[in-house]
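Convention: sequence-line order gives letters A, B, ...; per-chain numbering from 1.
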Number of protein chains: 2
Amino acid sequence: MAGRRRRTAAESKTLILETAARRLRQHGLEGLNITGVADDAGLSHATLIHHFGSSEGMRDALSEKMTLDLIQDLVVAMDAKISPAELAGNVFEALSEGGHGKLLAWRAVEGYREHQDMGMVRDLFNQLLQTTQKVLDVETREDLQRIILLVATAAVGYGIAGDVLVDMLGMSKEAVDKFPGWVTAKIGS
Amino acid sequence: MAGRRRRTAAESKTLILETAARRLRQHGLEGLNITGVADDAGLSHATLIHHFGSSEGMRDALSEKMTLDLIQDLVVAMDAKISPAELAGNVFEALSEGGHGKLLAWRAVEGYREHQDMGMVRDLFNQLLQTTQKVLDVETREDLQRIILLVATAAVGYGIAGDVLVDMLGMSKEAVDKFPGWVTAKIGS
DNA sequence: ATGCTTATCTACATCAATGTCAATAAGGTG
DNA sequence: CACCTTATTGACATTGATGTAGATAAGCAT
């Protein structure tokens, strides 16, 4: 064939995983097959197998990448410099955007298999814990755990079913906007 | 073939959908194919097509059934006779059990298509709203909406990612048990 | 019994996705 | 330029899942 582009392996992998992530958002899990992703990326499906070994290999790689992206976004959202009032809002925002909800839902239906980078995830999570403690200035460890669990579960649930719930509750956009702040006030009391 | 059992259409559909639900819990979304479900149910895959029209038809029926089951469990969990202190606990329990988390996650990845029974879902949800208002005795509509949204999102998130979060937070079983009560106390204040 | 409805099955046809393999060529290196 | 590595591709084989069609038989009604 005349004119075929040769990328570095890293470039190709990035292109493929970004395409796959987009397809996950648009078409759900059925969109995560090598033929479809290959078409959208403008590559042959054999190329994807070359880079990831198999279709499942590609999905595993995507899951890993999205997990790291999610934690990374959380770390930024909970930077130690933010004020307590912003905390819940930032976490909600971080989890509602960028298809993080889709990742969590995906991992929930398929089961939480351990990744190779699970150690790094744990490290980042512990870093998050310390940051939160500083921002909120909680004294007991139990309080910290509870608060994190509440904000995290609420944010996850919001990212996954938030729009449906808001619709069913008939909430105004304004009320929705004020929700994270209200949560922060609640947990602070 | 000698000796083949003939069920009523309703019996067969129930058997098939229960088998499918079990496979969703055990194998994730990949378990939701007519051949696999048929094998587990002890039927031929042609029989499933006979009853549901297609593979997707079976999945739609399962989604509908699980959605109704979920709402039904919620209605029971929030019976008007419960005390405010039990509210969050009951909701959490209802959403953590019986694979409801899998349903929500499934619908989140695949996108929330409208069901034919969406009207019934809305009715049950409104019924839930009224019950909650009685139990909690909230005055403003905004407060009611916020409280429901928080408890619901937290419960959904807990059902989907609760075990992972609890693990990462290193929470004791005792602390986890007390969590719903703590949430109730928080929103009541 | 007889007959009707239809749940159930076997066998076949089809299709889409996965994976293999050998050939090609793009880019870097000597 | 010659050479080497390997990203990329097209063609093929294989597999599994879906759907179709006709035959079979289980239960119910008459």
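- For Thr35(B), no side-chain nitrogen or oxygen approaches OP1 or OP2 of dG16(D) to under 4.0 Å.
- Here Ser44(B) does not reach the OP1 or OP2 of dT8(C): none of its side-chain N or O atoms lies under 4.0 Å away.
- For Arg59(B) and Ser55(B), the side-chain atoms include at least one donor-acceptor pair closer than 3.5 Å.
- Taking atom CG on Leu32(B) and atom P on dA17(D), their separation rounds to 13 Å, with Å as the unit.
- Atom CG of Leu48(A) and atom C1' of dT20(C) are 15 Å apart (whole Å).
- Side-chain contact between Lys102(A) and Ile160(A) is absent, with no heavy atoms from C-beta onward closer than 4.5 Å.
- Shown for residues 52-61 of chain B: residues whose heavy atoms fall under 4.0 angstrom of DNA chain D, namely Ser54(B), Ser55(B).
- Distance CG (Asp39(A)) to C1' (dT9(D)): 14 Å, rounded to an integer number of Å.
- For the side-chain contact (heavy atoms from CB on, under 4.5 Å) with Met78(B), the lone residue among Val135(B), Asp73(B), Leu128(B) that qualifies is Leu128(B).
- For the pair Ile34(A) CD1 and dT15(D) C1', the interatomic distance rounds to 13 Å; values are reported in whole Å.
- To the nearest angstrom, P of dA17(D) lies 12 Å from NE2 of His27(B).
- Looking at Arg23(B), its side chain does come within 3.5 Å of a backbone N or O of Gly31(B) through a donor-acceptor pair.
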Set out, in order, the CA-CA distance, both residues' side-chain angles and the distance that settles side-chain contact (heavy atoms from CB on, under 4.5 Å) for Glu30(A) and Glu110(B), then state yes or no. CA-CA 8 Å; Glu30(A) 283 109 5; Glu110(B) 299 307 335; 3.0 Å; yes
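- Only at 4.0 angstrom or more do the heavy atoms of residues 9-24 of chain B sit from any atom of DNA chain D, so none qualifies.
- Between Leu43(A) and Leu15(A) the shortest side-chain heavy-atom distance falls below 4.5 Å.
- Mapped onto DNA chain D by nearest heavy atom, Arg5(B) and Gly36(B) fall at different nucleotides, with Gly36(B) at the one closer to the 5' end.
- Checking dG19(C), dT6(C), dT8(D) against every side-chain atom of His50(B), the shortest atom distance belongs to dT6(C).
- Phe52(A) places a side-chain heavy atom less than 4.5 Å from the side chain of Leu17(A).
- To the nearest angstrom, P of dG28(C) lies 14 Å from CZ of Arg7(A).
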Between protein and nucleotides 1-5 of chain C, what N or O pairs are separated by less than 3.5 Å?
none

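- Proximity of Thr47(A) to the phosphate of dT9(D): a side-chain N or O atom is located under 4.0 Å from OP1 or OP2.
- Residues Val76(A) and Leu95(A) do not share a hydrophobic cluster, defined by chaining ILVMFWY side chains whose heavy atoms lie under 4.5 Å apart.
- Salt bridge Arg22(A)/Glu18(A): absent, no basic N to carboxylate O contact under 4.0 Å.
- Of all heavy-atom pairs spanning Val109(B) and Ala105(A), the tightest one is CG1-CB, 3.8 Å.
- Backbone-only engagement by His51(B) is indicated by non-hydrogen atom pairs under 4.0 Å involving sugar-phosphate atoms exclusively.
- In this structure, Glu64(B) CD and Met120(B) CE are separated by 9.0 Å, a value rounded to the nearest 0.5 Å.
- Here the nucleotide nearest the side chain of Asn33(B), chosen from dT18(D), dT18(C), dG10(D), is dT18(D).
- In this structure, Ile49(A) places its CD1 atom 16 Å from P of dT14(D), rounding to the nearest Å.
- Classification of Arg122(B) and Asp167(A) as a salt-bridged pair holds, one side-chain N sitting under 4.0 Å from a carboxylate O.
- If you take NE2 of His45(A) and C1' of dA17(C), they are 8 Å apart, rounded to a whole angstrom.
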